[in-house]
**Student:** 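Supplied in structure tokens, the structure appears directly below.
Chain naming here is simple, since letters A, B, ... match the order of the sequence lines and numbering starts at 1 in each. Worth saying up front: this structure is predicted, and the values here are computed from it rather than measured.
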Protein chains: 2
Amino acid sequence: MPNKRSIFREFMARNGLKWTKQREAILEEFLDSKEHLSTEALYLAIRSKHPHIGYATVYRTLKLFAESGIAEERDFGGGQVLYELSNRGDHHDHLICNGCGAIIEFEDQSIEKLQENVAREHQFKITSHRLEIFGLCAKCSSPKH
Amino acid sequence: MPNKRSIFREFMARNGLKWTKQREAILEEFLDSKEHLSTEALYLAIRSKHPHIGYATVYRTLKLFAESGIAEERDFGGGQVLYELSNRGDHHDHLICNGCGAIIEFEDQSIEKLQENVAREHQFKITSHRLEIFGLCAKCSSPKH
DNA sequence: CACCTTTTGAAAATCATTTTCATAGGGGGT
DNA sequence: ACCCCCTATGAAAATGATTTTCAAAAGGTG
């Protein structure tokens, strides 16, 4: 099980891309952080340690993460694209709290199966899908809040 | 079954908003057009008949359609928000062809049920959800293309 | 170590969408 | 029908996320 660091380095090598200290710093920061973060959030986190790294570089590097497969782009409609570490193979979907912004992941094979049925009925070849459920999480829907 | 025209007019009246010729023209054009269209597409369609109507007015009016309930905003991630006429009550989801851009609607009660189960497990209160399946439609995945 | 190519950072450019602001126009009250 | 007040409109500027430009600064390969 190659880790994300080596997957990314291999991706870079395979595509004749260079290993720079900026990319390394951004990778480390990304791997350390919790999931679902915006380019802006990552940029700000990195800025404290590496004030010289520019916004554009963070954007460009996150795109590379997505291309290499170690990260996935998520557009939950908040105006900003979020990136999350991809957990090889297994697909998951999201519950998104409109109250506190929490993002809860879940996996449901039955739903996946039913989606495949729907696609089959339409002779549609699936390449990807997304299921997002919006609402209020347990905390935000409790009377105390 | 009040039609969309009257629903919208009532919404306007109820909120002290005015009935203008621009809004009427935009409404008519919107009701006439096929579903899932961008503000830009609607603006261009209207421009031929009403060259005086501005881009901003189309944006503002589409937002009103969404607020009034006669239309729904959809963000399929193509950079532009699309609007579709809302078909009373029933929820549907989408198959989106990456080849020709076709958007196929479908409804599946079993999937909805499973979503409710997932939400219940997380004590999550659903307000809305979206399920989008991306891939190739029958036409685009056939060998001839 | 040289050289060629990619990368970087800052600033400018894009693109969809929103806002500003001065003018025009609904529509309720008279 | 006329006023008057407030909303609506259009053109242009503003916004905000993301992308591109471009000259200067490295990778890394031979």
**Student:** Tell me whether A/M12 is reachable from A/F30 by hopping between hydrophobic residues (I, L, V, M, F, W, Y) whose side-chain heavy atoms are closer than 4.5 Å.
**Tutor:**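 The answer is yes; both residues are in one hydrophobic cluster.
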
**Student:** Please check if the side chain of A/S38 supplies one atom and the backbone of A/Q80 the other of a donor-acceptor pair under 3.5 Å.
**Tutor:** no

**Student:** Does B/H52 have a side-chain nitrogen or oxygen under 4.0 Å from the phosphate oxygens OP1 or OP2 of D/dG10?
**Tutor:**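 Answer yes for this pair, as a side-chain N or O of B/H52 is under 4.0 Å from OP1 or OP2.
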
**Student:** Please give, in whole Å, the distance from C/dG25 P to B/I53 CD1?
**Tutor:**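 In whole Å, C/dG25 P and B/I53 CD1 are 13 Å from each other.
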
**Student:** Between A/A56 and B/V58, which residue's closest nucleotide on DNA chain D lies nearer the 5′ terminus?
**Tutor:** B/V58

**Student:** Tell me if a side-chain donor or acceptor on A/T57 pairs with a main-chain N or O of A/I53 at a distance below 3.5 Å.
**Tutor:**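 No; zero donor-acceptor contacts below 3.5 Å.
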
**Student:** Can you find a side-chain donor-acceptor pair between B/E72 and B/Y83 that sits under 3.5 Å?
**Tutor:** no

**Student:** If you pin B/R60 and B/V81 to their nearest nucleotides in DNA chain C, which one's is more 5'?
**Tutor:** B/V81

**Student:** Does A/L17 offer a backbone N or O that forms a donor-acceptor pair with the side chain of A/N15 under 3.5 Å?
**Tutor:**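 Absent.
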
**Student:** Can you measure B/Y55 atom OH to C/dT20 atom P for me and round it to whole angstrom units?
**Tutor:** 21 Å

**Student:** Using five pairs at either end of the helix from C/dC1-D/dG30 to C/dT30-D/dA1, determine the angle between the two local helix axes and round it to 10 degrees.
**Tutor:**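 About 30° separates the two local helix axes.
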
**Student:** In this structure, how many angstroms lie between the C1' atom of C/dG26 and the CZ atom of B/R9, rounded?
**Tutor:**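 Interatomic distance, CZ of B/R9 to C1' of C/dG26: 12 Å.
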
**Student:** Using whole Å, report how far CD1 of B/I46 lies from P of D/dT9.
**Tutor:** 11 Å

**Student:** According to the interplanar angle, ranging from 0 to 90°, do the rings of B/H129 and B/H91 count as parallel (below 30°), tilted (30 to 60°) or perpendicular (above 60°)?
**Tutor:**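 If you compare the ring of B/H129 with that of B/H91, the planes turn out tilted.
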
**Student:** For residues 10-31 of chain B, which residues have at least one heavy atom under 4.0 Å from DNA chain D?
**Tutor:** B/L17, B/K18, B/T20, B/Q22, B/R23

**Student:** Using atom CG of B/D75 as one end and atom C1' of C/dT17 as the other, report the distance to the nearest whole Å.
**Tutor:**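 So the CG-C1' distance, B/D75 to C/dT17, works out to 12 Å.
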
**Student:** Is the shortest side-chain N/O distance from B/Y59 to OP1 or OP2 of C/dT18 below 4.0 Å?
**Tutor:** no

**Student:** Give the rounded distance in Å between these two atoms: CG of B/L62 and C1' of C/dT18.
**Tutor:**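 So the CG-C1' distance, B/L62 to C/dT18, works out to 14 Å.
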
**Student:** Are B/F76 and B/E132 close enough that some pair of their side-chain heavy atoms sits under 4.5 Å apart?
**Tutor:**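 Of all side-chain heavy-atom pairs linking B/E132 with B/F76, at least one is under 4.5 Å.
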
**Student:** Do B/E84 and B/H36 get their side chains close enough for a donor-acceptor pair, meaning under 3.5 Å?
**Tutor:** yes

**Student:** From CZ of A/R47 over to C1' of C/dT8, roughly how many Å is that when rounded to an integer?
**Tutor:** 16 Å

**Student:** Just how far, in rounded Å, is C1' of C/dA16 from NZ of B/K63?
**Tutor:**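 From B/K63 NZ to C/dA16 C1': 11 Å.
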
**Student:** Check the angle between the aromatic planes of A/F11 and A/F8 and answer parallel, tilted or perpendicular using the 30° and 60° thresholds.
**Tutor:** parallel

